[in-house]
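For reference, the structure is listed below as structure tokens.
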Amino acid sequence: MADDTYYMRQALQEAREAANRGEVPVGAVVVCRDRIIARAHNLTETLTDVTAHAEMQAITAAAGWLGGKYLNNCTLYVTIEPCVMCAGAIAWAQTGRLVYGADDEKRGFQRYAPQALHPKTQVTSGVLADECAQLMKDFFQKRR
């Protein structure tokens, strides 16, 4: 059985892919019964769609794989704390567990809507936080 660090490294691979495409480097994976069932990264620029965040892409892919809209037996790993929009989607999907890397002090759901998740969703934060945050810092430094 893999641990949170392993799966967060998989999400980081997705985030790096986003950066390589000129997207904000956020990556996500959905795990169900110790198996990755969805991988995604930000596609907002590629799709010209402000809702195409990594979490939204991963939730959609996981629901398709499962054949149902609820992810209550799944864990969503994401490199950066989800925004309020994504937290809402995580709640509507009744995601069993959310694990994220770095906090997002400017746009994270914990600041604006700390109760946004489904009440049964378990949250773990800070997994590989420094590495996740550094990837974001490096990306924006290069763009300036």
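FYI, the numbering just counts along the sequence from 1.
In terms of heavy-atom proximity, M85 sits nearest to V50 at CE-O, 4.0 Å. Of all the heavy atoms in A28 and A54, the pair that sits closest is CB-O, 3.9 Å. Closest of all the heavy-atom pairs between A116 and A91 is O-CB, 3.2 Å. When every heavy atom of T79 is checked against every heavy atom of C132, the shortest pair comes out as O-CB, 3.2 Å. Smallest separation of non-hydrogen atoms from V30 and C74: CG1-CB, 3.8 Å. Considering every non-hydrogen atom in both T5 and L128, the closest pair reads O-CD1, 3.8 Å.
Hydrophobic clustering (side-chain heavy atoms under 4.5 Å, transitive across Ile, Leu, Val, Met, Phe, Trp, Tyr) keeps M56 apart from L47. Hydrophobic clustering, with ILVMFWY side chains joined whenever heavy atoms are under 4.5 angstrom apart, keeps V127 apart from L98. Residues V29 and V26 do not share a hydrophobic cluster, defined by chaining ILVMFWY side chains whose heavy atoms lie under 4.5 Å apart. No continuous path of ILVMFWY side-chain contacts below 4.5 Å connects W92 to I37, so the two sit in separate hydrophobic clusters. Cluster membership for V99 and V78, using ILVMFWY side-chain heavy atoms within less than 4.5 angstrom, is not shared.
Between R21 and E45 there is no salt bridge, since none of the side-chain N atoms of the basic residue sits less than 4.0 Å from a carboxylate O of the acidic one.
A donor-acceptor pair is defined here as one N or O able to donate and one able to accept, closer than 3.5 Å; such a pair exists between the side chain of Y7 and the backbone of D34.
Between the side chains of D138 and Q134, at least one donor-acceptor pair of N or O atoms lies under 3.5 Å.
Going from atom CG of D104 over to atom OH of Y112 covers 8.5 Å, rounded to the nearest 0.5 Å. Remark: D103 CG to R111 CZ distance equals 12.0 Å, nearest 0.5 Å. One distance of note links NE2 of H118 with OH of Y70; it measures 8.5 Å at 0.5 Å rounding. Atom-to-atom distance recorded for T60:OG1 and E55:CD is 11.5 Å, nearest 0.5 angstrom. Of the inter-residue distances, the one linking D130 atom CG with K137 atom NZ reads 7.5 Å to the nearest 0.5 angstrom. Taking CG of L76 as the start and OG1 of T95 as the end, the distance is 6.0 Å to the nearest 0.5 Å.
Taking 4.5 Å as the limit, some side-chain heavy atom of Y100 sits within range of a side-chain heavy atom of P82. Looking only at side-chain heavy atoms (C-beta outward), Q13 and R39 come within less than 4.5 Å of each other.
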Query raised in the report: Between S125 and E81, is a side chain to side chain contact (heavy atoms under 4.5 Å, CB included) present by the stated rule, with each step listed?
Result: CA-CA 8 Å; S125 62; E81 176 187 349; over 6 Å; no
Requested in this report: Dump the intermediate steps for side chain to side chain contact (heavy atoms under 4.5 Å, CB included) on L71 and I59, then the final yes or no.
Outcome: CA-CA 8 Å; L71 307 181; I59 289 167; 4.1 Å; yes
Query raised in the report: Do N72 and K120 pass the side chain to side chain contact (heavy atoms under 4.5 Å, CB included) test, and can you show the C-alpha distance, the side-chain angles, and the key distance before you say yes or no?
Result: CA-CA 9 Å; N72 52 339; K120 291 184 180 179; over 6 Å; no
Report task. Verify side chain to side chain contact (heavy atoms under 4.5 Å, CB included) between F139 and R16, making sure each step is shown before the conclusion. Result -> CA-CA 10 Å; F139 176 80; R16 287 185 191 95; over 6 Å; no
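Between H41 and the choices H53, E14, Q57, the side chain to side chain donor-acceptor pair (under 3.5 Å) rule is met once, by E14.
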